[in-house]
Amino acid sequence: MIELNNVAYGYNGNTLFSQLSLALDPGSFHFLTGPSGAGKTTLLRLCYADLRAQSGQVSLFGQDAATLNRDAVAIARRRIGVVHQDCQFLDHLSIAENIALPLTVSNRGDETMDNLKELLSWVGLEHQANQLPAELSGGERQRAALARAVITSPDVIIADEPTGNVDWEMSQRLLMLLVELNRMGKAVLIATHDLHMIRSLKSDVSARVLRLKDQQLVQAGADL
Ligand code: ADP
Ligand code: ADP
C-alpha cells in the first residue's frame, strides 16, 4: 500500500539515508528501531508524504507521491492513521472531539459515537473524554493520539514512539489494539526504542524488526 524504492533523504546537505527501500503491504507489521538521530521520524514522514523523497520513489496506494498535489496527498492520507511524537491536538477541543476529528472532517461523523466510546475505553480515557489536551498527562495524550489515529479504521497505521510515556501494562494494551487492527489486514509501522515491547510481540505476529543505522535499513538480528 505504501512503497519506498531507493529513497534518499537528508537535511542541509547531510544525507540521512540513500537507496532505502521498504514496502508496507496489507497485513504487514514492522517495527523500526535505531539510535536517536538515525532518521526514523524522517522515514515515517516520507511514508505518509509529509516529506518528499530527494531521490528514488515513494508510492502511496499505487500512485507516485511525487505526482500528487496537496489535495491528492490529503485524500491518500485519509487512509493512513498517524501517531505523531508530539501528538498535535487542537488545544481548544476536548479529548473526545480531538479523537473524533478525523471522522468529522471526512464527513463520517455519524460513525463517531460507537467507535469513540469503544476506543476511549480501550485506551482507558473514558473519564478524560471532556477534558482539554493540556489537562492530560503525557501518557494520556499518547493514548488519545493512538485512538485518533485509528478511529477511521485506516489501511495503514504509522506510529512514532507511541508508548514512550506509558507504563508497561498500558503499552501492552496499546500494542494489542494495533495487533487486532493488523489481524484485520491493516499495515502497521511503529518506530520505537522499546525493545522490551518488540520482544513481547515477536512470536505472536510475524512482525519484522528493522534497524536504521549508518544510513542503512537492515533486518535486526537475534541480539534484540
Ligand atoms: P526522536 O525521533 O529521536 O525521538 P525527534 O524526532 O523529536 O526525536 O527529533 C530528533 C532530532 O531532530 C532532535 O534533535 C530535534 O532537535 C531535531 N529536529 C527536529 N525537527 C527539527 C527541525 N525542524 N530543525 C532542526 N532540527 C530538528
Ligand atoms: P530519529 O527519529 O531517528 O531520532 P530524525 O528523523 O528525527 O531521527 O532526525 C534525523 C536527523 O535529522 C537528526 O540529526 C535531526 O537533528 C535531523 N533533522 C530532523 N528534522 C530536521 C529538520 N526539519 N531540519 C534539519 N534537520 C533535521
message: Please tell me whether L90 and I151 are part of a single hydrophobic cluster in this structure, the criterion being side-chain heavy atoms less than 4.5 Å apart.
response: no

- prompt: Do the rings of Y11 and Y9 sit parallel, tilted or perpendicular, given the 30° and 60° boundaries?
  reply: perpendicular

- prompt: Considering only heavy atoms from C-beta outward, does the side chain of C47 approach that of L4 to under 4.5 Å?
  reply: yes

- request: Taking the side chain as every heavy atom from C-beta outward, state whether F17 and T42 have any atom pair closer than 4.5 Å.
  value: yes

query: Given H193 and T33, is the side chain to side chain contact (heavy atoms under 4.5 Å, CB included) satisfied, shown in steps?
result: CA-CA 6 Å; H193 287 111; T33 66; over 6 Å; no

- prompt: Do the side chain of W122 and the main chain of R173 share a donor and acceptor less than 3.5 angstrom apart?
  reply: yes

- prompt: Can K40 and T192 be said to form a side-chain hydrogen bond (donor to acceptor under 3.5 Å, both in side chains), step by step?
  reply: CA-CA 9 Å; K40 298 181 295 299; T192 184; over 6 Å; no

message: Working note: T163 + Q142, criterion side-chain hydrogen bond (donor to acceptor under 3.5 Å, both in side chains); need CA distance, chi angles, decisive distance, verdict.
response: CA-CA 7 Å; T163 59; Q142 273 190 325; over 6 Å; no

field: Side-chain (N182) to main-chain (L178) donor-acceptor, under 3.5 angstrom
entry: no

query: Which residue pairs pass the side-chain hydrogen bond (donor to acceptor under 3.5 Å, both in side chains) test when at least one of the two sits in residues 54-70, sequence neighbours left out?
result: Q57-D64

same_hphob_cluster(I95, V105) at 4.5 Å side-chain heavy-atom cutoff: no

Axial cation check for F61 ring with R79, 6.0 Å and 45° limits: yes

message: Ignoring hydrogens, what is the shortest heavy-atom contact between V83 and A149? Give both atom names and the distance.
response: CG2-CB, 3.6 Å

- request: Scan residues 143-171 for pairs that pass ring pair (Phe, Tyr, Trp, His ring centres under 6.0 Å), counting only residues two or more places apart or in two chains.
  value: W168-H196

field: Residue among I2, V82, L32 satisfying side-chain contact (heavy atoms from CB on, under 4.5 Å) with L189
entry: L32

